[in-house]
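Values below: all heavy atoms of this structure, side chains included; hydrogens, waters and symmetry mates excluded. Lettering of chains follows the sequences in order, A, B, ..., and the numbering in each one begins at 1.
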Amino acid sequence: MKETVIQTDKLTKKFGDFIATNAITFSVSKGEIFGFLGANGAGKTTAMRMLCGLSIPSSGTASIAGFDVYTQTEEIKKNIGYMSQRFSLYEDLSILENIRFFGGIYGLSKQQLKEKSEMLIHQLGLESEAKKLVSSLPLGWRQKLSFSVAVMHEPKIVFLDEPTGGVDPLTRRQFWDLIYAAADKGVTIFVTTHYMDEAEYCDRISIMVDGKIEAMDTPSKLKEQFAAPSMDDVFYQLARGAKRKE
Amino acid sequence: MRTVRFLLEKEFKQIFRNKSILAMILVMPFMQLIIMPLAANYEVKNINLSVVDNDHSEYSHQMVNKVIASGYFRLVQTAQTFNQAMPKIESDQADLILEIPANFERNLIKEGNQKVFVAVNAINGVKAGLGASYLSSILRDYNEQVLMQWVQGSKIPITPNISITYSNWFNPSLNYRFFMVPGILAILVTMVAGFLSALNIVKEKEVGTIEQINVTPIKKYHFILGKLIPFWVLGNVVFTIGLLVSYFIYGIVPVGQLWVMYAFLFAYLPAILGFGLLVSTFCETQQQAMFIMFFFMMVFILLGGLFTSIESMPNWAQVVSRFNPVSYLIRVMRMVVLKGSGISDILPQIGVMAIFAIVLNTLAMFNYKKTS
């Protein structure tokens with residue numbers, strides 16, 4: 001059995017009367033690509049924000065890389081990377097400057113910063129764009145850059161919130177190559193997505209409906225369980241039962 | 001501390017790439033300092049006067065001429081009756097009506113006593129009040145002239161008379177620009193620092209970059225310092241530009257030492273910036289931050305002692321003004337620029353500002369939440 005890096009037990013977040021995330025329990029082991037699926041408003045982002053230490057849960061427990069989500073949020077932050085739904089690099093800084101800034105606040109040394117910058121730029125094939133402002137980059141490249149920045153400090157876990165929304169199929173493919181490369185190095189990937197082909201790429205997926213996890217297994221076992229020919233069908237069967245409106 | 005360096009590097013790059021912020025920092029002080037003191041002016045001139053002379057005597061003519069010759073009044077109408085003059089006031093074309101009754105000269109000579117009537121258009125309170133007092137002092141002057149004519153030859157004046165000679169300390173020529181320019185500069189520095197800091201964190205919230213910051217292990221005080229220091233530098237830049245403008249355009253050379261002012265600014269800017277950052281941590285959008293800052297700036301400026309003196313405010317307002325950082329800056333500026341106060345004179349003010357700075361920045365730090 002591999003080391004467990006994310007462990008939650010009945011993790012819940014309420015906003016007033018509204019239960020955004022309702023007692024979710026799951027665990028993710030090291031190096032796993034864990035897909036987190038669900039319709040819009042199912043509570044995925046809320047769950048992810050709690051796991052990243054951005055939001056304190058209402059009840060339940062969770063530990064990320066061995067740290068508690070209530071009391072050790074800053075410790076968690078040292079050990080994770082995060083890429084939010086919104087593009088959140090600085091558009092008025094160049095690619096190199098963004099890498100330098102985020103690398104710098106994660107405490108990379110001067111030498112590390114230099115090496116990492118060169119490696120990232122090379123890996124993304126952005127040599128000629130390195131000094132351009134991020135605002136001039138097309139969306140697909142921005143997302144790849146965001147991901148690279150999120151894993152630059154070699155976190156144990158990286159959280160990706162709909163990283164490929166609005167990105168063309170070819171770039172999505174390249175994006176997943178980056179994810180696989182990171183997972184091969186032992187980084188645990190926690191990813192939300194609306195694309196069912198991407199769900200197939202995950203080692204294990206969970207599907208959230210109305211704040212609860214309704215199904216969780218490997219893609220092939222889920223298809224078996226729901227007697228569905230594709231992940232699309234599995235998702236429809238579950239999501240149709242949702243009462244929450246967007 | 002290395003983290004702060006990276007934050008500073010990033011903030012400065014962003015500031016220098018933002019053309020509108022640069023313009024605000026560099027051009028605004030120029031324009032404001034050049035235009036405001038020239039236009040906004042305490043002296044009241046061009047008071048429109050309507051005269052109703054029912055006497056048409058030599059004395060009444062003499063008196064009217066004296067009023068006009070003072071240079072403060074503009075004769076807009078010579079009316080036959082008071083009712084004829086009134087529409088001028090109603091239509092706002094006249095500010096004052098001076099009515100000289102019939103038999104003015106005769107009564108003045110025979111009975112040694114005569115009344116004139118002045119009607120004031122009080123819509124514009126300042127103009128009316130000052131105009132009326134100018135007019136009455138000119139009339140008093142005229143009155144004395146008349147007395148002098150009568151007592152020619154006689155060695156004893158009829159009425160005892162106290163005449164006053166003024167000596168205006170610290171601003172000998174009573175040049176109101178010496179008084180206004182340092183005050184306006186104080187407000188400029190405050191506005192630039194306050195608004196820049198208030199809008200900054202909110203902008204990161206709006207764009208979404210704050211999420212990426214919050215998910216890093218960055219320390220809160222590092223983050224606040226990283227915001228504070230760049231704007232502190234900018235505040236000093238604006239202030240220096242302002243001093244240069246007031247020297248080259250108005251020839252204002254501070255009587256006191258320059259470094260004393262910078263020493264005060266050293267504590268003052270963090271206080272204002274801390275306030276801006278605090279507002280920034282409370283707001284979700286730049287619009288909210290803008291309105292809140294605008295509200296406080298209005299209060300700060302109107303109760304800051306630039307336009308009206310704090311000493312003549314009601315007691316409660318004087319108490320409020322003790323919590324108004326702008327009032328300290330305006331006072332210190334005037335003390336140093338006009339009076340030449342030294343560092344020991346303004347130590348109490350520096351102390352108060354340091355307390356403001358510590359309290360406000362601490363509040364901002366606690367209210368900035370990396371985890372909600």
Side-chain angles (χ1 to χ4, degrees), chain A residues 13 15 45-46 48-57 67 69-94 96-110 113 133-135 146 149-150 152-153 155 157-159 161, chain B residues 1-25 196 199-230 281 284-286 365-372:
Chain A
K13 180 78 180 186
F15 296 105
T45 301
T46 308
M48 190 178 265
R49 286 175 56 85
M50 284 191 282
L51 301 180
C52 290
L54 286 173
S55 171
I56 297 287
F67 298 107
V69 289
Y70 289 94
T71 54
Q72 295 172 301
T73 54
E74 294 306 294
E75 292 299 321
I76 290 175
K77 286 169 187 175
K78 280 181 196 159
N79 289 287
I80 62 162
Y82 173 65
M83 182 177 163
S84 76
Q85 240 168 355
R86 293 161 82 184
F87 179 72
S88 50
L89 297 184
Y90 289 94
E91 297 202 14
D92 47 359
L93 295 182
S94 75
L96 268 180
E97 285 162 352
N98 267 298
I99 295 175
R100 187 179 151 73
F101 173 66
F102 283 106
I105 55 176
Y106 274 111
L108 298 193
S109 72
K110 211 174 160 187
L113 274 179
L133 295 190
V134 165
S135 56
S146 294
V149 169
M152 178 172 46
H153 58 289
I157 309 157
V158 59
F159 292 88
D161 197 0
Chain B
M1 275 300 111
R2 208 165 150 265
T3 315
V4 177
R5 216 187 70 210
F6 282 105
L7 282 165
L8 292 182
E9 203 181 296
K10 168 213 151 221
E11 290 298 333
F12 276 114
K13 274 182 192 145
Q14 288 184 308
I15 290 165
F16 284 111
R17 277 182 200 156
N18 191 334
K19 296 285 176 298
S20 57
I21 286 199
L22 274 186
M24 190 168 141
I25 294 163
L196 282 181
L199 295 182
N200 192 279
I201 297 181
V202 185
K203 193 190 162 202
E204 293 222 22
K205 281 189 197 169
E206 273 187 3
V207 182
T209 46
I210 196 97
E211 278 265 286
Q212 205 64 44
I213 296 278
N214 286 346
V215 85
T216 66
I218 194 170
K219 299 261 191 314
K220 285 205 227 174
Y221 70 90
H222 283 160
F223 183 76
I224 294 291
L225 271 181
K227 295 287 179 195
L228 198 64
I229 297 172
T281 56
E284 291 304 318
T285 66
Q286 295 193 59
M365 204 175 79
F366 279 108
N367 200 51
Y368 161 51
K369 291 188 179 71
K370 283 182 73 184
T371 303
S372 55

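A/Leu133 touches chain B through its side chain: at least one heavy atom from C-beta onward sits under 4.5 Å away, while N, CA, C and O do not. In this structure, chain A has heavy atoms under 4.5 Å from both the backbone and the side chain of B/Gln14. The parts of B/Leu7 that come within reach of chain A are both its backbone and its side chain, each placing non-hydrogen atoms under 4.5 angstrom from that chain. Heavy atoms closer than 4.5 Å to chain B are found in the side chain of A/Phe102, but not in its backbone. Residue contact with chain B, scored on non-hydrogen atoms closer than 4.5 Å, involves the backbone of A/Leu108 exclusively. Contacts between A/Arg100 and chain B at a heavy-atom distance below 4.5 Å involve backbone atoms as well as side-chain atoms. If you measure heavy-atom distances from A/Thr73 to chain B, the contacts under 4.5 Å come from the side chain alone. In this structure, chain A has heavy atoms under 4.5 Å from both the backbone and the side chain of B/Val215.
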Quick one, A/Glu97 with A/Tyr90, criterion side-chain hydrogen bond (donor to acceptor under 3.5 Å, both in side chains). Give me CA distance, side-chain angles, the key distance, then yes/no.
CA-CA 9 Å; A/Glu97 285 162 352; A/Tyr90 289 94; over 6 Å; no
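Salt bridge absent: B/Lys203 and A/Glu91 never bring a charged side-chain N and a carboxylate O closer than 4.0 Å. Under a 4.0 Å N-O distance rule, the pair A/Glu74/A/Lys77 qualifies as a salt bridge. Between B/Glu211 and B/Lys370 there is no salt bridge, since no side-chain nitrogen of the basic residue lies less than 4.0 Å from a carboxylate oxygen of the acidic one.
Using modelled atom types, one side-chain atom of A/His153 and one backbone atom of A/Ile80 make a donor-acceptor pair closer than 3.5 Å.
For the options B/Ile210, B/Val4, B/Ile213, heavy-atom pairs under 4.5 Å to chain A are most numerous at B/Ile213.
Annotation: side chain of B/Ile21 is in contact with side chain of B/Leu196 (closest heavy-atom distance under 4.5 Å).
Atom CD of B/Glu204 sits about 10.5 Å away from atom OG of A/Ser88, to the nearest 0.5 Å.
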